[in-house]
Amino acid sequence: MTLTTILPTLRATLPDPVDPFLWPAHTETTTEDVVVAAVSMLRLAALTGTPCVHTADQAPPRYRPRGWTPRAVSVAVASVVRVSRPRPGVVLLELDAALPSCAVLDQVRLIGRVSTAPATRTHVVNPLATGVDGPFHRLPAPLPSDVREGDLLCFPCVAAIRHRDVVEAVRAALD
């Protein structure tokens, strides 16, 4: 639990902390953006549309083994397409992207605007998913309770992914 979780009004002046080992090297956060290797994820989404992917070098581990070389990791940005609130304290989101299996969802960030709303349990609805959880996937990191359509979510991936890895399943559903 962080200070911004306990006192959400701090998010207006203090960015939510990130784990530097789960994000690519040279990642910096601001109150409303994530900058990876001098590339603003907010600006990338504005230029290319969502979903979008940016690949960069992996951050070095705390204790680097001899001969360690960085591998490519990615950051993905998705837009919230639909929001529903079935009961108080629970938010269901539908994204314009498929969540890759390598996504680190406990590091998901709301970018593009500053929210001082308290955090709430958030689930991503994926109509194509089948399995034990069905079409729902719970995000380990709570998002602000005022998340709305058009908001941008940014999350790291521990492997290099391509644009088609986050788009193919969504495109197939539309056909």
Side-chain angles (χ1 to χ4, degrees), residues 1-8 10-11 13-79 93 95-112 114-115 119 121-124 126 128-133 136-144 151-171:
M1 187 160 290
T2 63
L3 265 177
T4 54
T5 305
I6 297 168
L7 298 169
L10 284 177
R11 280 193 226 118
T13 58
L14 182 71
D16 281 329
V18 296
D19 186 343
F21 304 108
L22 295 176
W23 289 83
H26 311 292
T27 297
E28 299 172 14
T29 57
T30 66
T31 55
E32 63 179 61
D33 198 7
V34 175
V35 179
V36 178
V39 176
S40 163
M41 295 298 103
L42 188 58
R43 182 73 176 136
L44 179 67
L47 288 173
T48 63
T50 59
C52 59
V53 175
H54 176 65
T55 302
D57 284 340
Q58 175 186 24
R62 276 192 187 107
Y63 302 105
R64 208 176 309 177
R66 185 176 295 228
W68 179 84
T69 55
R71 59 188 170 96
V73 294
S74 298
V75 174
V77 179
S79 181
L93 303 177
L95 303 178
D96 66 349
L99 294 175
S101 60
C102 61
V104 184
L105 297 176
D106 62 343
Q107 292 288 310
V108 68
R109 295 288 178 264
L110 175 69
I111 62 172
V114 178
S115 173
R121 284 191 313 178
T122 309
H123 300 267
V124 173
N126 182 0
L128 302 174
T130 57
V132 178
D133 295 334
F136 303 105
H137 184 85
R138 181 166 181 206
L139 293 179
L143 288 171
D151 279 346
L152 298 175
L153 301 181
C154 179
F155 51 89
C157 299
V158 293
I161 61 171
R162 299 166 300 219
H163 181 256
R164 68 176 172 218
D165 295 334
V166 294
V167 176
E168 273 184 357
V170 175
R171 217 178 263 153

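The shortest non-hydrogen separation linking Pro100 to Cys157 is CG-SG, 3.8 Å. Nearest heavy atom pair, residue Leu42 against residue Ile111, reads N-CD1, 4.0 Å. Residue Phe21 comes nearest to Ala59 through the heavy atom pair CA-CB, 4.4 Å, listed as atom of the first residue, atom of the second, then distance. When all heavy atoms are compared, the tightest approach of Leu44 to Val53 is CD2-O, 4.2 Å. Summarising the geometry of Cys52 relative to Ala45, their closest heavy-atom pair is SG-CA, 3.9 Å, with the distance given to 0.1 Å. The nearest pair of heavy atoms linking Trp23 to Val18 is NE1-CB, 3.5 Å.
Judged by distance alone, with hydrogens and angles left aside, the side-chain atoms of His26 form no donor-acceptor pair with the main-chain N or O of Val35 at under 3.5 Å. The backbone N or O of Ile161 sits less than 3.5 Å from a side-chain atom of Ser74, completing a donor-acceptor pair.
A distance of 13.5 Å separates CE of Met41 from OG1 of Thr50, quoted to the nearest 0.5 Å. Put simply, CG on Leu143 and NE2 on His123 are 11.5 Å apart, with the number rounded to the nearest 0.5 Å. Note that the CG atom of Leu110 and the CG atom of Asp151 stand 5.0 Å from one another [nearest 0.5 Å]. Atom CZ of Arg109 and atom CG of Leu152 lie 15.0 Å apart (nearest 0.5 Å). Distance check: Thr48 OG1 to His54 NE2 gives 11.5 Å after rounding to the nearest 0.5 Å. Interatomic distance, Leu22 CG to Thr27 OG1, rounded to the nearest 0.5 Å: 10.5 Å.
Using a 3.5 Å distance cut-off with no hydrogens or angles, the side chains of Ser79 and Asp96 do not pair a donor with an acceptor.
Within the 4.5 Å cutoff, the side chain of Pro24 has heavy atoms near those of the Val75 side chain. The shortest distance between side-chain heavy atoms of Leu93 and Leu153 falls below 4.5 Å.
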